Amino acid sequence: MTSETPVLWIVTLAAVALTAWRSRRYIAALAQAPGASRFDQPWRRLEGVAIAIGLHRKMLRKPLSGILHALIFVSFFVLFTVTIEAFGSRLFPGFSLAPIGGDSWIALLQDLFAVLMLAGLGLAVYQRYVLKPARFRGSSGSDAAIIYVLILLIVSSLLVEAGARIVGGADGSWRPVASLIADLLRALSVPARPTERIAYWIHIGAILAFLIYIPGSKHRHMFLAAPNIYFRNLEPVGTAPAVPPERETPGVASLAQFDWKQQLDLLSCTECGRCQAVCPAYASGLPLSPKMLITDMRDALANDASTPLVGGVIAEETLWACTTCRACIEACPVEIEHLPKIIDMRRHLVDEGRVSPMLQDALTNLTRLGNSMGKPSKMRARWTKELGFPVKDARSEPVDVLWFVGDYASYDPRVQDVTRKVAELFTAAGVDFGILFDAERNSGNDVRRAGEEGLFETLAQSNIDAIRACTFNRIVTTDPHSLNALKNDYRHFGGAFEVLHYTALLAELVAAGRLDIAPADGATVTYHDPCYLGRYNGGFDAPRDLIRAAGYTLHDMARCRENSFCCGAGGGRIWQSDDGVKERPSENRIREALGLGVGTFVVACPKDKVMYTAATDALGVASSLRILDVAELINLREAPSA
Ligand code: SF4
Ligand code: SF4
């Protein structure tokens with residue numbers, strides 16, 4: 001035992017105790033939080049961790065960030081062997097990694113990865129202080145700076161210590177970088193032994209400071225990212241969070257009501273801002289940053305704030321700004337679930353009657369008439385009257401396909417032509433389909449995500465009863481929002497159906513040769529992935545297949561597929577005012593499309609037809625950019641006259 005051993009024991013135990021003390025609030029909050037069922041499918045969970053962390057799958061979507069993080073991450077593990085040696089050799093005299101290669105291949109790796117760590121650190125500094133990405137706005141700058149300094153101290157001190165050891169006579173043949181430092185120390189006539197001791201204690205001090213600092217910083221994610229990813233939601237992403245039976249009211253009014261996984265989310269945030277960068281509400285100037293939503297709640301959790309959660313820590317306007325597009329969750333590298341928290345807090349607002357007059361009107365219409373437009377049920381199927389053929393009433397005769405038409409496709413005159421075109425295509429392909437006529441109600445998808453759980457259940461039950469009274473094989477929906485509710489929400493209310501989007505059915509019919517398409521001349525178009533079709537339900541390919549089958553060339557926008565940018569209508573936003581909006585998400589999207597120089601913007605959602613037509617009108621570009629539904633692109637060959 002050296003004279004340093006007792007000193008190191010004392011400072012190490014003191015640092016561990018201080019770290020535990022600084023973590024006490026979080027540990028207590030997690031221990032007291034309501035339960036969550038996140039322990040199933042361990043192999044699938046581990047696989048997700050391996051992909052997210054081992055392969056840096058989401059991190060590498062931003063190449064510079066991904067590469068620098070991978071450099072720091074891998075180097076951290078290799079250099080952890082230095083930490084083991086530094087503490088082990090003094091705390092437990094006789095301990096050494098030499099028997100397993102501590103003086104050979106491990107030494108070489110330590111040397112090389114120290115340089116890679118410094119390279120990663122340099123890139124991180126360059127990114128944060130030179131490139132200054134907007135997504136860091138609102139993140140803690142001091143947190144990052146402190147960690148950069150500590151990493152620099154740790155790595156430089158370990159290299160200097162190794163170099164000083166070589167000057168003192170140690171073998172440097174496996175340490176090329178430390179040997180260079182040794183040459184420098186010799187050239188400067190620096191005494192070996194004191195330099196080694198000073199570097200050692202700087203190294204130890206920086207590591208312990210790092211340890212103590214972590215609980216109060218975003219660098220908690222070093223320990224919490226893996227468990228947070230492991231315990232991620234494995235339910236279909238389109239299923240809204242259920243209201244736990246033990247909860248007395250439908251919503252969440254305090255942080256303590258969030259289950260332990262929701263609270264673990266708050267502690268795991270890296271403040272990377274990827275969610276903020278893709279949020280349509282944030283981009284439009286509304287007071288919602290998904291990053292700050294999480295960090296504000298995290299800070300309240302840490303400080304045991306007496307400020308009320310809903311309307312205090314998180315402003316009501318923040319909650320109503322969300323379009324429920326799910327882009328934030330898709331972007332988050334540590335699988336933080338913003339949306340369930342927003343929906344739960346909205347449920348509290350709705351339960352207390354704290355909703356805007358516009359939203360209240362829509363909810364009242366939905367309660368009275370089953371649609372948000374305030375139209376009588378009898379008018380729901382009026383669009384069929386202009387068809388040249390009758391549409392079957394699925395309530396009174398069996399059909400192969402039950403078509404759940406949806407509110408906008410049924411009632412909105414701007415969309416009814418598209419609805420009729422879909423009906424004509426189904427008929428041309430010989431699809432045996434029928435509709436529910438006035439028995440159909442709004443699917444409740446956005447009602448549920450606006451926080452009106454009771455009304456959602458009423459609408460869902462009404463539709464489920466109507467659907468179950470019919471004889472059919474599959475359901476097809478026009479609206480991706482209806483698709484999502486029928487496919488993912490209804491199964492928890494006794495309605496497990498096979499549901500597909502009309503683009504999937506049309507693509508199936510085209511592939512089967514049941515639609516004789518007269519191809520267009522190859523004109524270039526772009527396509528907007530609706531959130532509830534693409535990101536929520538993986539419906540990326542069918543619309544693209546149809547566009548190509550119709551004879552068009554597809555030029556995707558940069559924000560496409562999983563990274564599509566929301567039109568701004570979802571989650572009940574279409575029933576809210578635009579007050580405070582600097583640029584509507586739909587107009588932002590149209591500008592993106594205009595940048596491609598295409599003349600046609602293709603949609604696959606009735607709400608998108610409405611939103612983007614309004615956006616091109618508002619921007620004065622309706623004559624240069626047509627908004628067409630996928631179905632409108634499909635022209636059939638004339639049948640030869642008999
Ligand atoms: S769901 Fe969409 S609108 Fe809501 S916070 Fe996330 S990114 Fe923003
Ligand atoms: S919530 Fe996720 S994406 Fe957003 S800042 Fe935190 S870690 Fe990054």
Side-chain angles (χ1 to χ4, degrees), residues 52-53 56-59 61-62 65-66 69 133-140 143-144 217-222 224-226 228-229 232 237-238 240-241 262-299 314-315 317-346 446 449-451 484 529-532 534-536 559 562-574 576 581 584-586 588-589:
I53 296 184
H56 267 47
R57 186 177 68 91
K58 285 190 181 177
M59 290 297 296
R61 286 180 188 169
K62 293 196 181 295
S65 280
H69 192 272
R135 65 190 166 92
F136 287 158
R137 228 171 268 148
S139 300
S140 166
D143 243 15
S217 80
K218 65 176 185 166
H219 295 279
R220 270 184 308 262
H221 79 266
M222 289 170 60
L224 298 184
N228 205 58
I229 295 168
R232 71 195 180 282
V237 298
Q262 298 300 330
Q263 297 197 33
L264 184 64
D265 272 357
L266 306 181
L267 302 176
S268 306
C269 180
T270 69
E271 298 187 22
C272 68
R274 288 167 188 248
C275 54
Q276 179 174 289
V278 296
C279 177
Y282 183 80
S284 67
L286 287 170
L288 165 61
S289 152
K291 173 178 71 179
M292 275 134 81
L293 177 99
I294 296 297
T295 55
D296 286 350
M297 288 194 280
R298 175 200 66 195
D299 294 345
I314 305 297
E317 305 75 50
T318 298
L319 296 172
W320 293 124
C322 177
T323 69
T324 70
C325 72
R326 223 188 147 269
C328 47
I329 303 177
E330 177 60 37
C332 181
V334 295
E335 300 291 338
I336 286 170
E337 298 158 17
H338 312 71
L339 209 37
K341 299 172 188 59
I342 291 173
I343 293 172
D344 263 338
M345 288 187 276
R346 282 181 170 183
D446 298 290
R449 282 146 188 88
N484 188 64
D529 288 282
C531 305
Y532 279 94
R535 206 157 28 231
Y536 273 91
R559 295 178 293 183
E562 292 91 347
N563 303 320
S564 180
F565 190 69
C566 175
C567 74
R573 270 301 301 170
I574 204 164
Q576 303 270 14
V581 170
R584 292 187 187 96
S586 54
N588 178 305
R589 189 64 159 160

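What you are looking at is a predicted structure, and each value in this text was computed from that prediction instead of being measured. First listed ligand is number 1; within each ligand, the first listed atom is number 1.
Relative ring orientation between Y536 and Y532 is described as parallel, the plane-to-plane angle staying below 30° on a 0-90° scale split at 30° and 60°.
When only modelled atom types and interatomic distance are considered, S284 and R573 share no side-chain donor-acceptor pair under 3.5 Å.
Taking every non-hydrogen atom of E271 and a distance limit under 4.0 Å, the qualifying atoms of ligand 2 come out as 5 (S), 6 (Fe). Close approach of ligand 2 to G273 (heavy-atom distance below 4.0 Å) involves ligand atoms 5 (S), 8 (Fe). Listed by number with element, the atoms of ligand 1 under 4.0 angstrom from any heavy atom of L288 are 5 (S). Numbered from 1 in the order shown, with element, the atoms of ligand 1 that lie under 4.0 Å from a heavy atom of R326 read 1 (S), 2 (Fe).
For the pair F136 and C272, the tightest heavy-atom approach, listed with the atom from each and the gap, is CE2-O, 3.5 Å.
The main-chain N or O of I53 is found under 3.5 Å from a side-chain atom of H56 such that the two form a donor-acceptor pair. Not a single donor-acceptor pair under 3.5 Å links the side chain of K218 to the backbone N or O of T295. A donor-acceptor pair is defined here as one N or O able to donate and one able to accept, closer than 3.5 Å; no such pair exists between the side chain of S217 and the backbone of D143. Checked by atom type and distance alone, the side chain of N484 pairs as donor or acceptor with a backbone atom of G238 at under 3.5 Å. In this structure, Q276 contributes its side chain and R137 its backbone to a donor-acceptor pair below 3.5 Å. A donor-acceptor pair is defined here as one N or O able to donate and one able to accept, closer than 3.5 Å; such a pair exists between the side chain of R535 and the backbone of C325.
Contact analysis leaves H338 out of contact with ligand 1, as no non-hydrogen atom separation drops below 4.0 angstrom.
Excluding waters, the count of protein N/O/S atoms less than 2.8 Å from atom 2 (Fe) of ligand 2 comes to 1.
Nearest protein heavy-atom contact of atom 3 (S) of ligand 1 is T323 N, 3.3 Å. Among protein heavy atoms, atom 8 (Fe) of ligand 1 sits closest to C279 SG, 2.4 Å. In terms of protein heavy-atom proximity, atom 4 (Fe) of ligand 1 is nearest to C322 SG, 2.3 Å.
Put simply, C325 gets within reach of atom 2 (Fe) of ligand 1, with an N, O or S atom under 2.8 Å from it.
Salt-bridge formation is not detected for the pair E562/R61: no Lys NZ or Arg NE/NH1/NH2 atom is positioned less than 4.0 Å from an Asp or Glu carboxylate oxygen.
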